[in-house]
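Comments concern the structure below.
For the numbers below, each heavy atom of this structure counts, side chains included, while hydrogens, waters and symmetry mates do not. Chain A is the first sequence line, chain B the second, and so forth, proteins listed ahead of strands; every chain is numbered from 1.
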2 protein chains.
Amino acid sequence: MSEPSGSSLARSTLARLRARIASGEWPVGTRIPTEPELSELLGVGRSTVREAIRSLATLGMVETLTARGTFVRSATPAPTLLVNALSAYEPAELIGLRRALDVEAAQSAAAHWTDGDLEAMESALREETEHARRAVAAVQGRGTHCARFHGAIAQASGNRLLSDLDASLSTALETAGLADQIAASIDVAVRIDEHDRLFTAIRGRDVAKAAHHMALHVDAALRGLSHKPVATDLTTLVAPAQRTPSARREAAS
Amino acid sequence: MSEPSGSSLARSTLARLRARIASGEWPVGTRIPTEPELSELLGVGRSTVREAIRSLATLGMVETLTARGTFVRSATPAPTLLVNALSAYEPAELIGLRRALDVEAAQSAAAHWTDGDLEAMESALREETEHARRAVAAVQGRGTHCARFHGAIAQASGNRLLSDLDASLSTALETAGLADQIAASIDVAVRIDEHDRLFTAIRGRDVAKAAHHMALHVDAALRGLSHKPVATDLTTLVAPAQRTPSARREAAS
DNA sequence: TGTTATTTGTTCGTATGTATG
DNA sequence: TCATACATACGAACAAATAAC
């Protein structure tokens, strides 16, 4: 697999625990045996068990709650590793990836959303509108609703990788303190209007228009970060999206 | 950071060790202090140190050799972890990400390539052409050259994240045995012709056309995988690209 | 409210195998 | 071969947090 599968007992113990989780013997959400139980079950010392469990925790596969036990959180280490990998990059680079993912997700979502996906997107959009109406002039610059709608779109793409990366990116942007900044850079009414048009395009299975609106939307949100060196350059990327749908005249080149 | 930074001593110890490595206090290749030394240095017990070190090893940042000590292998979580994370997803999902990254990279590359980037792309393209001319009817279905050109474009985007993800994706596709399949799905002459047009667009700073050609190119390469369940759906995404500018050029060729 | 049992958190001592000189 | 240093591994013991009664 992934691990060097070293010869040390702790490593092999990690591999054995991981295998049990991956096989579904200990499903996500359930509690695994206590440390003394595992010690006897696997025939290794408790210290060794703890090292293995700690490794599983850093992989994001389990979470251990003091005096409560350790619980399975994910059958694979993937999402956590993605978040970890993203944390090593500059904000401008993260934003570049977000544009790539969101545009692709919008296209893919338009191509094959299911009834459940549509429901989720509609719900997120409705809740966002409702919330904006209630707390009109309030602080309300939170990007939570925006992220929820985008997350629903990523989900609707039917591509777990896109969805996971999107969620990981949101986390990374959040910890980088950029989420609020992005949310504040665009007027709430405008944002909801853009979301509305985007949703209409996706619901109508119009892949091209979905890509177009998403590109416009992301670029608009990014324009607020124009003081960032690279983000400035990214705003020039609005051009293709604007020209693409109706640029028949270009064909003659 | 990425870690939950839990309140446990082991977690904070992991964070402290990780910070020392990231700061360069313990450079890559060097040996970190022994466990008893770390125990005293950090003011925690040896078992706690061991758990933290084991986690670092799981992240690929250190490697511990029996009776020799533990050595720093990487200042950040190992890149191989990214490949690892990607390998947990379905081929169709990987391909969806590739489309997103490549299209974005093409746009960004067109927006701000440097002289060095242009040189690299031109070199890769020239070598590809040369190689195709020499080994005309040979086996030569290798995707190596294709990957090199795409890698050069990702590099020219100026976004390390896009570049790294692109490289990781190539590796993941390679290990999944999909690289050759993709390369074989498109005629060499057609591929080089598409690369040529793509390069011309990028060199001309035409962001829109770069995005368009890249989308067409990726979709064309993906069409060969139409027997895959989800990949079939992905080919429907050709639609937006075909409706745009040079769809008729494709019909002509 | 408080008491008790369970479970994880942390430390320490010790034994063992292995690499180095 | 021997001695030293170090990582590996085990288990005992106590602390702290949590849940159930």
Side-chain angles (χ1 to χ4, degrees), chain A residues 3-21 25-74 80, chain B residues 1 3-21 26-74 78:
Chain A
E3 297 311 315
S5 76
S7 49
S8 86
L9 232 189
R11 272 192 190 290
S12 65
T13 302
L14 166 60
R16 284 205 278 168
L17 291 179
R18 189 171 163 174
R20 296 211 183 205
I21 292 176
E25 182 175 341
W26 296 326
V28 173
T30 62
R31 205 193 73 169
I32 70 176
T34 67
E35 290 174 359
E37 284 171 344
L38 286 176
S39 179
E40 187 186 7
L41 176 64
L42 302 175
V44 297
R46 189 180 158 218
S47 302
T48 306
V49 169
R50 282 185 58 78
E51 288 180 20
I53 288 182
R54 185 73 63 188
S55 289
L56 280 178
T58 71
L59 289 177
M61 295 181 66
V62 304
E63 181 182 7
T64 107
L65 273 27
T66 301
R68 282 195 44 106
T70 90
F71 298 80
V72 180
R73 289 292 176 241
S74 169
T80 301
Chain B
M1 289 290 170
E3 295 309 316
S5 75
S7 49
S8 86
L9 233 191
R11 271 193 191 290
S12 65
T13 301
L14 167 59
R16 285 205 279 168
L17 291 179
R18 191 171 164 173
R20 295 210 182 207
I21 292 176
W26 295 328
V28 174
T30 63
R31 205 194 74 169
I32 71 176
T34 66
E35 289 175 0
E37 284 172 343
L38 287 176
S39 177
E40 187 185 6
L41 177 64
L42 302 175
V44 298
R46 250 191 55 223
S47 296
T48 305
V49 170
R50 282 182 58 77
E51 288 179 18
I53 288 182
R54 184 74 64 189
S55 289
L56 281 177
T58 303
L59 289 177
M61 295 180 66
V62 304
E63 180 183 7
T64 127
L65 304 176
T66 302
R68 282 197 44 109
T70 87
F71 297 81
V72 180
R73 290 292 176 240
S74 168

Rounded distance (Å) that lies between atom [atom2] of [N] and atom [atom1] of [X]:
X	N	atom1	atom2	answer
B:Leu38	D:dT8	CG	P	13 Å
A:Leu14	D:dT8	CG	C1'	16 Å
B:Leu9	C:dG9	CG	C1'	8 Å
A:Ile32	C:dT7	CD1	C1'	12 Å
B:Glu51	C:dT10	CD	C1'	8 Å
A:Leu42	D:dC10	CG	C1'	15 Å
A:Glu37	C:dT6	CD	C1'	11 Å
B:Glu35	C:dT11	CD	C1'	14 Å

**Asked** When all nucleic acid strands are considered with a 4.0 Å heavy-atom cut-off, which category describes A:Ser47: base, sugar-phosphate, or nothing?
**Response**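 Counting heavy atoms under 4.0 Å across all strands, the contact made by A:Ser47 includes a base.
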
**Request:** Would you mind classifying the nucleic acid contact of B:Thr64 as base, sugar-phosphate or nothing, using non-hydrogen atoms under 4.0 angstrom?
**Result:** sugar-phosphate

Would you confirm whether [X], through its side chain, and [Y], through its main-chain N or O, come within 3.5 Å as a donor-acceptor pair?
X	Y	value
A:Arg54	B:Ala10	no
A:Thr70	A:Glu63	no
A:Thr64	A:Gly69	no

Looking at the side chain of [X], which of [options] is the nearest nucleotide?
X	options	result
B:Arg50	D:dT8, C:dG9, C:dT10	D:dT8
B:Val44	C:dT11, D:dC10, D:dT8	C:dT11
A:Thr34	D:dA9, D:dT8, C:dT8	C:dT8

Between atom [atom1] of [X] and atom [atom2] of [Y], what is the distance when rounded to the nearest 0.5 Å?
X	Y	atom1	atom2	result
B:Leu65	B:Arg31	CG	CZ	10.5 Å
B:Arg20	B:Trp26	CZ	CH2	5.0 Å
A:Leu14	A:Arg11	CG	CZ	7.5 Å

**Message:** Looking at C:dT1, which nucleotide sits across from it as a Watson-Crick or G-U wobble partner, both distances under 3.5 angstrom, or is there none?
**Reply:** none

**Complete:** Between A:Ser39 and B:Pro36, whichever has its closest DNA chain D nucleotide further toward 5' is B:Pro36

Within the sub-3.5 Å range, which N or O atoms of nucleotides 15-20 of chain C have a protein N or O partner, and how far apart are they?
{"residue": "C:dT20", "atom": "OP1", "partner": "B:Arg68", "partner atom": "NH1", "Å": "2.5"}

**Asked** Is the shortest heavy-atom distance from the side chain of B:Leu38 to the side chain of B:Leu17 under 4.5 Å?
**Response** yes

